Amino acid sequence: MSSSSETRALFERPAVEVAPLLLGGILSRTSLQGTTSLRITEVEAYLGVGEDPGSHSFRGMTRSNSVMFGEPLHLYTYFTYGMHTCANVVCSPVGSASGILLRAGEIVEGSDLAHERRGQAVAMRDLARGPARLTKALGIPLSDGGADLAQPPYELRMPDQPAPYETSLRTGLGGPGGGPEFPWRFFIPGDPTVSPYKRHPKLLPFDPAGG
DNA sequence: CGCACGATTTGCT
DNA sequence: GCAAATCGTGCGA
């Protein structure tokens with residue numbers, strides 16, 4: 001297992017390089033209720049200012065994305081669709097404003113607590129299958145944005161050896177006519193906790209003439 | 001100050 | 001497979 005300083009140095013590399021290395025890693029969060037741990041199985045890399053139209057930092061620093069411009073290995077959270085919180089790991093050198101979205105994982109510790117947060121009827125594999133589900137299962141609040149993932153209540157352990165992975169287009173953005181899109185979604189193939197691959201909507205041909 | 005939209009999830013058909 | 005839920009943020013006036 002890597003030392004804390006080695007892990008921190010790792011995240012100063014470009015997000016696209018670090019993202020696949022995060023697969024198989026364990027992220028833990030401890031609250032008054034207990035500890036919940038996640039084995040990361042799916043992530044997406046987002047680049048910095050002017051580089052990546054899909055990134056929140058594409059148009060420069062704003063009030064909500066300022067954490068992305070800060071130190072690596074810190075947590076960037078954002079609120080979306082009026083109800084969901086998603087979590088990123090800030091990556092690459094300070095000021096580059098790139099990050100890695102945690103999209104899915106397997107709850108390997110504290111599943112009882114995760115069920116309390118997500119609902120008792122939720123299947124084990126669905127506890128953290130999706131970015132908003134993941135934050136809810138771990139109990140990550142929006143207010144945790146800016147937190148150091150190497151300090152309590154968090155702990156991040158990189159995998160002992162790199163996990164085999166595959167790539168695909170990221171979800172929900174870009175495509176032909178909608179800006180460039182890149183294969184920066186990384187996941188562990190065959191893992192049941194990886195969210196089902198959704199073909200890019202804009203990649204699907206649409207024929208209004210019905211022919 | 002007002003308006004449109006989003007790195008989504010869920011439930012019903 | 002599709003549409004609703006729900007509100008902070010970003011941008012124009």
Side-chain angles (χ1 to χ4, degrees), chain A residues 14-16 18-20 22-23 27 38 40-69 74-92 96-105 107 114-146 167-175 177-187 192-207 210:
Chain A
V16 174
V18 183
L22 204 47
L23 297 173
L27 177 66
L38 178 86
I40 301 168
T41 60
E42 179 185 352
V43 298
E44 281 180 3
Y46 287 86
L47 270 58
V49 180
E51 299 177 305
D52 179 4
S55 175
H56 286 176
S57 62
F58 180 63
R59 299 186 184 183
M61 184 161 59
T62 66
R63 178 177 177 178
S64 64
N65 70 10
S66 62
V67 171
M68 290 187 78
F69 290 77
H74 283 226
L75 186 70
Y76 164 56
T77 57
Y78 68 90
F79 186 72
T80 191
Y81 286 91
M83 62 190 102
H84 299 307
T85 300
C86 296
N88 299 248
V89 182
V90 176
C91 209
S92 70
S96 67
S98 71
I100 300 170
L101 171 67
L102 304 178
R103 284 196 60 86
I107 298 296
H115 269 114
E116 285 181 27
R117 294 166 174 154
R118 292 269 297 125
Q120 297 296 341
V122 176
M124 187 73 74
R125 70 164 56 171
D126 290 330
L127 282 175
R129 194 190 201 197
R133 294 170 170 182
L134 185 154
T135 59
K136 191 170 183 182
L138 284 180
I140 299 176
L142 188 64
S143 58
D144 269 15
T167 68
S168 74
L169 296 182
R170 294 177 303 189
T171 64
L173 285 174
E181 181 55 6
F182 310 96
W184 292 337
R185 173 176 178 258
F186 304 85
F187 60 96
T193 63
V194 173
S195 60
Y197 176 60
K198 298 173 183 174
R199 297 174 67 184
H200 200 294
K202 293 182 181 178
L203 290 180
L204 298 176
F206 176 63
D207 190 349

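As a basis for the values below, the full set of heavy atoms in this structure was taken, side chains included, without hydrogen atoms, waters or symmetry mates. Fair warning: this is a prediction, and the values are worked out from it, not measured in the lab. So you know, we letter chains A, B, ... as the sequences are listed, proteins then strands, and number each from 1.
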All side chain to side chain contact (heavy atoms under 4.5 Å, CB included) counterparts of [X], not counting sequence neighbours:
| X | value |
| --- | --- |
| A/Thr167 | A/Tyr165, A/Pro183, A/Phe186 |
| A/Ser64 | A/Thr62 |
| A/Ala104 | A/Thr41, A/Glu42 |
| A/Thr135 | A/Thr85, A/Ala87, A/Ile140 |

For A/His84, side-chain hydrogen bond (donor to acceptor under 3.5 Å, both in side chains) partners two or more places apart |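 Testing A/His84 for side-chain hydrogen bond (donor to acceptor under 3.5 Å, both in side chains), a comparison that skips the adjacent residues, returns none.
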
Listed by chain and number, what are the side-chain hydrogen bond (donor to acceptor under 3.5 Å, both in side chains) partners of A/Ser96, not counting sequence neighbours?
->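 Testing A/Ser96 for side-chain hydrogen bond (donor to acceptor under 3.5 Å, both in side chains), a comparison that skips the adjacent residues, returns A/Ser92.
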
CE of A/Met83 versus P of B/dT9: gap in Å, rounded?
->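 The distance from CE of A/Met83 to P of B/dT9 comes to 11 Å, rounded to the nearest Å.
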
Within this structure, what is the CG-to-P distance between A/Leu142 and B/dT8, rounded to whole angstrom?
->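 Nearest whole value for this atom pair: 16 Å.
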
Toss me the dot-bracket line for DNA chain B: Watson-Crick and G-U wobble, both under 3.5 Å, 5' to 3', using | for pairs to another strand and [ ] for crossers.
-> ||||||.|||||.

Per A/Ser55 side chain, nearest of listed nucleotides B/dA7, B/dG6, B/dT10 =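 Nearest listed nucleotide: B/dA7.
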
At the 4.0 Å heavy-atom cut-off to chain A, mark where contacts on DNA chain C begin and end, going 5' to 3'.
->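 Under 4.0 Å from chain A, the extent on DNA chain C is C/dA5 to C/dC11.
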
Stretch residues 129-139 of chain A: residues that reach within less than 4.0 Å of DNA chain B through a heavy atom =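 Going residue by residue through residues 129-139 of chain A, the ones with a heavy atom under 4.0 Å of DNA chain B turn out to be A/Gly130, A/Pro131, A/Ala132, A/Arg133.
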
Just jot down the salt bridge (charged side-chain N to carboxylate O under 4.0 Å, His left out) partners of A/Arg129, sequence neighbours excluded, or say none.
->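 For A/Arg129 the salt bridge (charged side-chain N to carboxylate O under 4.0 Å, His left out) partners, ignoring immediate neighbours, are A/Asp126.
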
